[in-house]
Amino acid sequence: MHSPDDLPQIIRELLPGDASGDLLIAFSGGLDSTVLLHALAHPPRGRVRAVHVNHGLHPEAGAWQRHCERVARALEVEFHARTVTVPADADQGVESAARGVRYDALRALLAPGETLLTAHHADDQLETVLLALMRGSGVDGLASMPRCRRFGEGWHARPLLEFTRDELVQWARAQGLAWLDDPSNDSARFDRNYLRHAVIPALRTRWPAAAHAASRSASHFATASALLDGVAAHDLASAAVGACLKVSALRLLDAARRRNLLRYWLKSCGARSPSTRKLAALEHDMLHADPDRLPCVHWDDVEVRRHRDLLYCMRSLPHSPVELEWPWRSPLVLAGIPGVLHAQIAHGRGLRRAALPDRLHVRPRTGGERLRLPGHAHRRELKKLLQEANVLPWWRERLPLIYAGDTLIAVADLWIAAEYAAGADEEGVVLIWEERPRMEA
């Protein structure tokens with residue numbers, strides 16, 4: 001049986017070949033991370049850093065941070081502290097929101113090739129498996145916490161997953177270690193704590209090795225998940241067009257492979273996997289809507305839209321862009337749509353500077369706009385110009401239109417009005433839309 005004394009060897013076996021060997025230990029000051037830090041304070045190679053993330057959720061948060069710093073200094077380990085703010089109105093709950101901002105802080109601190117170590121153990125894995133079952137999770141969710149995965153510019157490893165909490169307690173006491181106890185761990189209002197105090201002790205009475213058994217099951221699920229990802233990657237190779245997904249290719253797959261591909265594609269787009277009901281709605285709406293329809297399915301802050309034969313996954317778009325006044329000599333942060341508008345002075349191109357008032361107005365489309373382009377004799381409907389330019393339908397209503405008074409003089413950074421175009425010998429103003437989203441089909 002392994003002991004925490006074996007952690008340096010476990011780490012060597014766990015890390016991929018391109019990991020640098022440098023370790024960043026997430027140090028809360030609790031039992032688990034205290035064992036991890038003491039066992040790895042002086043590894044045979046690479047450097048060790050400890051980082052404490054202060055959520056500020058408890059009156060003793062400052063004292064906990066100072067305790068962690070003292071322990072790290074005593075072990076001669078480089079110490080970092082990061083203070084984060086947990087959104088009070090988080091839809092997913094305080095526990096999940098705190099985890100999200102904590103990992104954001106850890107990701108930002110991680111150096112290229114470095115490995116973040118967290119002190120999750122076998123009992124944590126058992127809790128995660130049980131929570132996944134209660135949520136009706138699929139294979140990916142039941143795989144629970146992986147032992148090692150890519151994270152930021154490095155890796156994230158959990159070297160304690162084969163140890164139970166009791167084993168860690170025994171080792172810590174034998175070493176004479178002191179650790180913090182977070183009283184929130186006793187609150188049954190958190191799902192994990194309810195499992196820890198009310199459910200798992202009963203399971204252990206009947207099945208003493210429940211934690212190790214759950215870890216094995218999670219490992220089997222992880223293998224199955226990897227195989228399903230392999231199938232999805234094969235299917236995606238023939239179904240992808242850039243970052244989009246072909247509807248016609250989805251229709252060729254049976255239902256199980258189609259849903260497997262959709263989940264894999266959504267994950268590759270950075271979206272959280274939708275619920276079973278939402279995935280069924282996505283599949284139905286995207287495959288069965290009439291060709292001239294523009295179906296949209298959304299969850300969290302993600303939308304999936306269909307245009308012709310392609311699916312697009314994107315951040316949720318605003319419903320109604322707002323009008324803005326723009327002193328054009330300064331950058332303008334657009335409201336409700338990504339990016340910033342800049343006006344750059346140029347010679348012989350862009351808008352004629354002498355014709356511009358000090359303040360322009362940026363407005364959304366209302367319909368019926370017309371524009372005469374430089375070199376053309378007649379004004380044309382903006383609707384037709386956008387269609388010919390293959391601008392995606394949902395962006396056509398959200399483009400920033402630039403007005404001088406009541407006159408349309410430019411459409412984003414796409415076109416300018418001939419009446420306001422700078423001549424070859426005139427000073428001009430070129431519009432630049434920084435961080436412009438992809439708008440072309």
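Residue numbers run from 1 in the order of the sequence given.
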(request) Spell out, as yes or no, whether a donor-acceptor pair under 3.5 Å connects the side chain of Arg398 to the backbone of Trp394. (result) yes
(request) May I ask you to say whether Arg365 pairs ionically with Glu369, meaning some side-chain N is under 4.0 Å from a carboxylate O? (result) yes
(request) Give the minimum heavy-atom separation between Arg306 and Leu294, together with the two atoms involved. (result) O-CD2, 3.5 Å
(message) Counting only heavy atoms from other residues, nucleotides and ligands, does the tally under 6.0 Å from NE2 of His234 exceed 12?
(response) no
(request) Work out which heavy atom in Ala19 is nearest to a heavy atom in Thr115; give both atom names and the distance. (result) CB-OG1, 4.0 Å
(message) Run the side-chain hydrogen bond (donor to acceptor under 3.5 Å, both in side chains) test on Glu13 and Gln9 for me, step by step, so that the C-alpha distance in whole Å, both residues' side-chain angles and the decisive distance to 0.1 Å come before the verdict.
(response) CA-CA 6 Å; Glu13 296 172 355; Gln9 177 61 33; 2.9 Å; yes
(message) Taking the basic N atoms (NZ, or NE/NH1/NH2) and the acidic carboxylate oxygens, is any pair closer than 4.0 Å for Arg49 and Glu114?
(response) yes
(request) Answer yes or no on whether Arg150 is positioned over the face of Trp155, meaning its NZ or CZ is under 6.0 Å from the six-membered ring centre and within 45° of the axis. (result) yes
(request) Determine the interplanar angle of the His52 and Phe79 rings, folded into 0 to 90°, and report it as parallel if under 30°, tilted if 30 to 60°, perpendicular if over 60°. (result) parallel
(request) Go through the steps to decide whether Arg192 and Thr128 satisfy the test side-chain hydrogen bond (donor to acceptor under 3.5 Å, both in side chains), and finish with yes or no. (result) CA-CA 8 Å; Arg192 279 190 178 273; Thr128 303; 2.7 Å; yes
(request) Give a yes or no on whether the ring-centroid distance for His156 and Phe151 is below 6.0 angstrom. (result) yes
(request) In plain terms, say whether Asp140 and Arg263 are close enough for a salt bridge, that is, a side-chain N and a carboxylate O under 4.0 Å apart. (result) no
(message) Taking the six-membered ring of Tyr312 as reference, does the cationic atom of Arg305 (NZ for Lys, CZ for Arg) lie under 6.0 Å from its centre and within 45° of its axis?
(response) no
(message) Once rounded to the nearest 0.5 Å, what's the spacing between atom CG of Asp22 and atom CG of Leu15?
(response) 10.5 Å
(message) For the CZ atom on Arg329, are there more than 12 heavy atoms of other groups (residues, nucleotides or ligands in this structure) within a distance under 6.0 Å?
(response) yes
(request) Measure the OG1-CD distance between Thr164 and Gln125 for me, rounded to the nearest 0.5 Å. (result) 13.5 Å
(message) Just checking His58 against Trp64, ring centres under 6.0 Å apart?
(response) yes
(request) Test Trp171 against Asp5 for side-chain hydrogen bond (donor to acceptor under 3.5 Å, both in side chains), laying out the working first. (result) CA-CA 9 Å; Trp171 189 86; Asp5 291 320; 3.3 Å; yes
(message) Check this for me, if you would: do Arg257 and Asp254 make a salt bridge, where the nitrogen-to-carboxylate-oxygen distance has to be below 4.0 angstrom?
(response) no
(message) Does this structure show an ion pair linking Asp309 with Lys246, if we count only N-O contacts that are shorter than 4.0 Å?
(response) no
(message) As an exercise, state the distance from CG of Leu341 to CZ of Arg436, rounded to the nearest 0.5 Å.
(response) 11.0 Å
(request) Measure the CG-OG1 distance between Asn54 and Thr83 for me, rounded to the nearest 0.5 Å. (result) 4.5 Å
(message) A side-chain contact here means heavy atoms from C-beta on lying under 4.5 Å apart; do Leu24 and Val48 qualify?
(response) no
(request) Please name the pair of heavy atoms, one in Cys313 and one in Ala271, separated by the smallest distance, quoted to 0.1 Å. (result) SG-CB, 4.2 Å
(message) Check this for me, if you would: do Asp235 and Arg258 make a salt bridge, where the nitrogen-to-carboxylate-oxygen distance has to be below 4.0 angstrom?
(response) no
(message) Tell me whether His67 at atom NE2 has more than 12 heavy atoms from other residues, nucleotides or ligands lying less than 6.0 Å away.
(response) yes
(request) May I ask you to decide if Leu279's main-chain N or O and Trp299's side chain share a donor-acceptor pair within less than 3.5 Å? (result) no
(request) Working to the nearest 0.5 Å, report the span between CD of Glu78 and CZ of Arg47. (result) 5.5 Å
(request) Report the C-alpha distance between Arg158 and His120 in whole Å, list the side-chain angles of each, state the deciding distance to 0.1 Å, and finish with yes or no for side-chain hydrogen bond (donor to acceptor under 3.5 Å, both in side chains). (result) CA-CA 6 Å; Arg158 298 178 172 92; His120 299 102; 3.1 Å; yes
(request) Decide, yes or no, whether a salt bridge links Arg315 with Glu303 under the criterion of side-chain N to carboxylate O below 4.0 Å. (result) no
